[in-house]
Amino acid sequence: MSTATERERGAGNGRGAGSGRGAGNGRDAAGPNERVLEPTIFELSSPGRTGHRLPPLDVPEIDLGAAFGTALREAPPELPELSEPEVVRHFTRLAEMNHHVDRAIYPLGSCTMKYNPKINEDVAALPGLAGVHPEAEGEYAQGSIALLHHLGRLLCEISGMDAVSLQPPAGASGELAGMLIVRAYHSDRGNPRSRVIVPDSAHGTNPASVALAGYEAIEIASGPDGRIDVDALRAAVDDETAAVMITNPNTLGVFETRIHEIVDVVHAAGGLVYLDGANLNASLGVVRPGDEGFDIMHFNLHKTFSAPHGGGGPGSGPVGVMAHLAQYLPYPVAARDETKAEGYEYYMDYDRPKSIGRVHAAYGNFLVAVKAYAYILTLGPAGLRRVAENAVLNANYLQKLLAPHYDLPYGGYCQHEFVLSASRQKEESGVTALDIAKRLLDYGLHAPTIYFPLIVKEALMIEPTETESRESLDRFADVMLAIARESRESPELVTGAPTTTPVGRLDEARAAKDLDVAWEND
Ligand SMILES: *Cc1c(COP(=O)(O)O)cnc(C)c1O
């Protein structure tokens, strides 16, 4: 791979950020490796140009001003004027400016950016599903409610939980619902308790959900093998412990092998055990959280069950519970009354006096649930198990290829992801995890998650997912090796990256608030 740089950036990639865009745009003469910013659609506008012309009127023309008077706007709206291909090319260029999973591997650890099968979109676009009113009930929505009910049952079967509410719109929202259920449960027993224990490898949403639910988050340190230190847990648990939140496999990609012991410690003190189920991709069809002893969990339908996510798009974070907590689930819950005639037996159940209440409008993000349902049914039980097996296989394959070239603080077999460290590169040549992430963009690949989990210095958290082929994994590994070599031999290439993307390094705090990024480019 000594030629990786040239090959990947030139012919091999074929869509280096600048190439093609300059030519297709026709407005600037930028060469293949120069950055090109796409003009706004208003800047592309030419007066009088249009994509469609209406046929001549076949009814008498009326004077709208006379008919509608003051309701009529005084000046025509300032809409951009372009031909249809100009519009299509503009949006296609915009779409290509960012990385997406339809283009190449997206190994963003913890986020499970797997390929989303297009059949999910076809199913979600069916007029009977896409067009149903969000508050439709009873005979007008039997199919939709049946789908939600059946999806809930499938999630129970997959997880070993007894009941599910599909209301929460994201994983973090599922966590908050879970923590409110913890509070409702303990309050019913006379004391809500005050503390929730969270391992130091947890996702940041965990302590945030704990705090929002009015609890104090108590952090416990991981052991040297990256797992929960059971003695530290035992010392931290007491009769003020409302719950312990656990991610399994955890964010280091390590399975908590002592999970039964952990659960017993917490239950013995009267606490509940919560599973952050964002990493369910690693254990689908292999291990069920309900069998491991968890009381509550959330699912990320947009991770494990392949609904597209990112960019703030809609998600779904159903919360599942064991029977003793079912009455606290957020409502409405899709339910079935088998005494009713067929075709009328499904309903949304609001009659849940102990419920923590609503956590989202309508029934949650319905079409995300539809995509997850299509995904589960197209794969079936054996297919779901193979998802987990291949996710773990792919991660271990990649870990093996990369481990000699980067530090691997928590070694051994991993689950669906693993965490490298760029500490060696930083020490040798000042190249950081951030630099490596930026350099990957120059090769047309998405960066892994960086600087998380917090307990790994210069962390590069890599989750290839099961949908990557061996060739795709090899290519990612080749590029990572090329970057490791560049870091030694010509670190300025890495610290100066990216050079081929539409914009270079942004002031990230400012870029999130000021969407006009042109200031950065020159
Ligand atoms: C993604 C993730 C979450 C939060 O889920 P969102 O759907 O992004 O709110 C929580 N925990 C872990 C481990 C995650 O990976």
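Note that ligands are numbered from 1 as they come in the structure, with each ligand's atoms numbered from 1 the same way. Source: prediction; values computed, not measured. Numbering starts at 1 and runs along the sequence shown.
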Practice task
Give yes if a backbone or side-chain nitrogen or oxygen of His298 is under 3.5 Å from a nitrogen or oxygen of ligand 1, and no if not.
Solution key: no
Practice task
Indicate yes or no for a side-chain donor-acceptor contact from Tyr274 to the backbone of Val196 under 3.5 Å, with no hydrogens or angles considered.
Solution key: no
Handout entry: Sidechain-backbone polar pair: Arg288 side chain, Glu157 backbone, donor-acceptor under 3.5 Å
Key = yes
Fill in the blank from the handout: The atoms of ligand 1 lying under 4.0 Å from a heavy atom of Gly171, numbered in the order shown, are 5 (O), 6 (P), 7 (O), 9 (O)
Handout entry: Cys111 N/O to ligand 1 N/O under 3.5 Å
Key = no
Handout entry: For Ala172, atoms of ligand 1 separated by under 4.0 Å from a heavy atom
Key = 4 (C), 5 (O), 6 (P), 9 (O)
Problem - Distance-only side-chain donor-acceptor flag, Tyr363 / Glu137, under 3.5 Å - result: yes
Problem - Polar proximity ligand 1 side, His302 side, N/O cut 3.5 Å exclusive - result: yes
Practice task
Would you check the N or O atoms of Ser110, main chain and side chain alike, for any that come under 3.5 Å of an N or O of ligand 1?
Solution key: yes
Exercise for the section: Please determine, by modelled atom types, if Tyr106 and His99 share a side-chain donor-acceptor pair under 3.5 angstrom. Expected result: no
Handout entry: Basic-acidic side-chain contact under 4.0 Å: Lys118, Asp102
Key = yes
Practice task
Determine whether the side chains of Glu417 and Ser110 contain a donor N or O and an acceptor N or O closer than 3.5 Å.
Solution key: no
Handout entry: atom 11 (N) of ligand 1: nearest protein contact (heavy atom, Å)
Key = Asp276 OD2, 2.5 Å
Fill in the blank from the handout: Restricting to heavy atoms, the pick from Lys303, Met245, Glu175 nearest atom 1 (C) of ligand 1 would be Lys303
Handout entry: Per-atom contacts of ligand 1 with Ala278, taking only distances under 4.0 Å to non-hydrogen atoms
Key = 2 (C), 11 (N), 12 (C), 13 (C), 14 (C), 15 (O)
Handout entry: atom 5 (O) of ligand 1 [closest protein heavy-atom partner, distance rounded to 0.1 Å]
Key = Asn300 ND2, 3.0 Å
Practice task
Identify whether NZ of Lys or CZ of Arg in Arg470 sits under 6.0 Å from the centre of the six-membered ring of Tyr397 and within 45° of that ring's axis.
Solution key: no
Handout entry: Test item: Asp435 side-chain N/O and Thr432 main-chain N/O as donor-acceptor pair under 3.5 Å
Key = yes
Practice task
Could you tell me whether some N/O pair between Thr251 and ligand 1 is separated by less than 3.5 angstrom?
Solution key: no
